[in-house]
Structures are given as C-alpha cells and as structure tokens.
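These values consider heavy atoms only, across backbone and side chains, with no hydrogens, waters or symmetry-generated copies. Since the model is a prediction, treat every value here as computed from it, not as a measurement.
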Amino acid sequence: MKWSDKQRRTITMPFVHCLEVNEGTPRSSKTTAAVFRFARFLIETDDIHHLVVAYNQEQAFKLVMASDGLGLLHIFNGCCQIRHNEHGDHLEIDTPKGKRLVYYKGGGKADSHKSITGMSLGSVYFCEINLIHMNMIQECFRRTFAAKKRWHIADLNPPAPNDPVITDVFDVQDTYWQHWTMDDNPIITPERKEEIRQTLKKNPYLYARDWEGHRAIPQGVIYSMFDDKKHIVSNIPDDAQILEMFFAGDGGLTDATSISCYVIVRIKNQYCMYRVANWYYSGEKKAMSVQAKEIAREFIPYCRNLTQCRETCCKIDPACKALRMELELLGIPAEKADNNGKDIKGGTKGIRVGIEYLQNSISNGQFFLVDNEQYGCSNFLKEVGMYCLDQHGNPVDAYNHAMDEARYANNYFYKNYIL
C-alpha cells in the first residue's frame, strides 16, 4: 500500500494528546490515516471497550469498520468478528493483549448519548465530528474519564467558522490539530488534482472548503451580509436618542431558548436597533418554569438597569405558549411575536418576508449587536454563520433559535419604524 509522508507520520507518532483532530478536504486521505492510527491504539491500549460514533450507525460502520476495504474489518482480518451484547453492535478483535470490543453507534440526535450512558470506554473515534450532536460528543468524553490510557480521534471536512465544535470541543480539550488537502493523498495523480481544481474554482465557497481546506461560510447562508467587525459594537453611540426598549424571544420545551433585550434609537434622523443583551439556554434539563424565573428575576432586571429603561413589550415565539404563560405568572406581560405568518410581499410570503426585512436592516446599517460582557452575543454568532437555505431555497430548520428571536424583534422594529 502507498502512503504519504503525512500519513506515515500520523500513524506512527506517540499518543500524547487527549484529542487528535484531522480536518481537511474530501479525498485528502485523512480518514485512512486516522483509521490505521486507531487500529494501532487498539493494539497498544490496555482498555477493553472502545467506540466509533458518526451521525448514524450506518456511517460509523461504513467509515471506520469497512472504509473502502481499509477499515478495521480488513486490518484485523482473521482476528475479528461482528458481535452483539447488552451495549450494542460491536467488532470483537483479538489482540496480543486480549480482546478489544469496538462499538459503533449513531450520534446525530439529541438523545443519542443515552445509548452509551453507563459505559466505560478507553477511546472514541468521532467520524465527521461536526455532524454529531453536542450531547453525544460531551458524553463520549465523560465515558473515558476512567480509561487507563484516555484518547480520542476525530475527522471532519472544514466546518463553518462559527461551528460550535470549534469553540466547545477543539478549543476546550488538549487538542492536536492537523490540516489535510488533496496534496496529502498519494494515490491522486497531478492530472486528476488539476481536473478537480478547475471544477471547484468556479465556486468560491467550494474552492475554499474542498480544495484549500479552509473553514468557509456555507453556500446559501441567509445573513451573509452580517459582518462581525461592522455590526458588533461595544456600546450604543452617545449621540443616540433612545426611543424604546423591549424584549423578544424564541423558545421550546426541547429546543433552545433565546431571549434578548433590544433598544431602538434615532441617530441623525435614522432609526436603528441594538441587541444589547442575550439570555440563552441550549439544554433540556431546565423546566420552562425554571427558565422563566431566571429570565424574569435575573435577566430582565439586569437589562432594565443596563438601559435605564422600562420595556414597552415582550414579544415571544407564538408557538411557545408555555414560556409566555410562565412569564405572565411572574409579572412579565408577554405577547405573541409576529412570525410573519400573514405577510405577503410580491411573490414572497411568510418567513421569507421576515428574513428579507432583517437582511435589509443589516445591509442598511440599522441592526447592531452590543458585545455585553455578562450576556454576550456568542450564540448569535454561532448561528448566523450556519443558518442556511436548502437546495430548494427554503430556510433549514436548524441553528435558528437566536435567528428567529432576532427576526421577531426586527419585525416589530421594521414595521413600526421603517415601513
């Protein structure tokens, strides 16, 4: 078998770091090197139980167990077999140190982590880690706490620059990161590489991601006009005349809850809206009543003191009746937000009208985020770089909690001050 220098170095280097990340273009040979390195670890480790996790179980098997004839099934050919026990499907491998059980599971759903609760693992292989739900990723790291030699490896194509896996996983763990491109694949000829390059260069996004291996804003991102250097400020300008302060929010029993404080001002005969603070909860453990108490007793008083204003209204996602009712029980009148359900503008209707309104506010320099130290805008930034249109031109129902909240707020602002 033909190996590149980077592949050889990757497979043979010592196991020093808690997490190794191989990020790069498709067909860069990163997965092949990672699978062989994982196989080497299984031979050297003293731990018995290990895990391969991908978006679904089929991918976990295909990418690591089979891997186009270069997976664990083939590396350990004659010394392994597929089995099943109370923890699930796994590959049982006979090594010089004894049996090693490698489970393979899907991790793309919010409750996927329940399938490994209670297990004790020596290592985890994350296939396309950015597609795995964060609940599963974090549970995997917890499952290896008692390992004799604790180790994890991940591969992925370049994600969006604001993907949570970067800040919540790579930047947190003791991570060794490697960048891969097609130049690291020893079996792709120069002629084929040039053919691929010529095809990809017609699309700047695909060229940046699939040829250069850079993290790029996805094609079809909805609020691509948002510029974090232009639209994030440290404070509302001193010459701004404050007209009103209000709250807008999106929430759900199983989805994230995002509530923000907005201030509408007039600056030199132009109306602008500032998102000055955000309360965000992404978990599933706090009851809506608990969330409402934190919002009503901590966040809202903080915003009143920050702005020296009293809110004129509190606009909440019309589908989140529970949050509205809980806030009202705590003395915060909450109204149904305008979700664009009845909007028609030319050939555009519904949510697309609201998206267009917010796009206009951003493009016209009328929408800003204030980088609040206590209740900051990090969740907005994560979502704004990942909230995209699908192939049919419809907004993808993901990474949209802060985005929906901002749209509700902008509907109020745009219809009362701009139209």
Taking salt bridge (Lys or Arg N to Asp or Glu O under 4.0 Å) as the definition, give me every residue that meets it alongside E58, ordered by chain and number, with sequence neighbours left out. none
Summary of salt bridge (charged side-chain N to carboxylate O under 4.0 Å, His left out) pairs that have at least one residue in [range], sequence neighbours excluded:
{"range": "residues 393-414", "result": "R275-E405, D404-R407"}
{"range": "residues 153-171", "result": "D168-K382"}
{"range": "residues 5-17", "result": "D5-R8, K6-D184"}
{"range": "residues 125-140", "result": "E139-R142, E139-R143"}

side-chain hydrogen bond (donor to acceptor under 3.5 Å, both in side chains) partners for [X], two or more places apart:
{"X": "K345", "answer": "E356"}
{"X": "E294", "answer": "K286"}
{"X": "Q198", "answer": "E194, K201"}
{"X": "Y271", "answer": "R266"}

Considering only distance and modelled atom types, tabulate donor-acceptor pairs under 3.5 Å from the side chains of residues 317-324, sequence neighbours left out.
{"from": "D317", "atom 1": "OD1", "to": "A319", "atom 2": "N", "distance (Å)": "3.0"}
{"from": "D317", "atom 1": "OD1", "to": "Y408", "atom 2": "OH", "distance (Å)": "3.3"}
{"from": "R324", "atom 1": "NH1", "to": "D317", "atom 2": "O", "distance (Å)": "3.1"}
{"from": "R324", "atom 1": "NH1", "to": "P318", "atom 2": "O", "distance (Å)": "3.0"}

For R150, what residues pass the side chain to side chain contact (heavy atoms under 4.5 Å, CB included) criterion, not counting sequence neighbours? C18, F141, T144, F145, A147, H152
What side chain to side chain donor-acceptor pair (under 3.5 Å) pairs are there with at least one residue in residues 12-21, not counting sequence neighbours? H17-D174, E20-R37, E20-W151
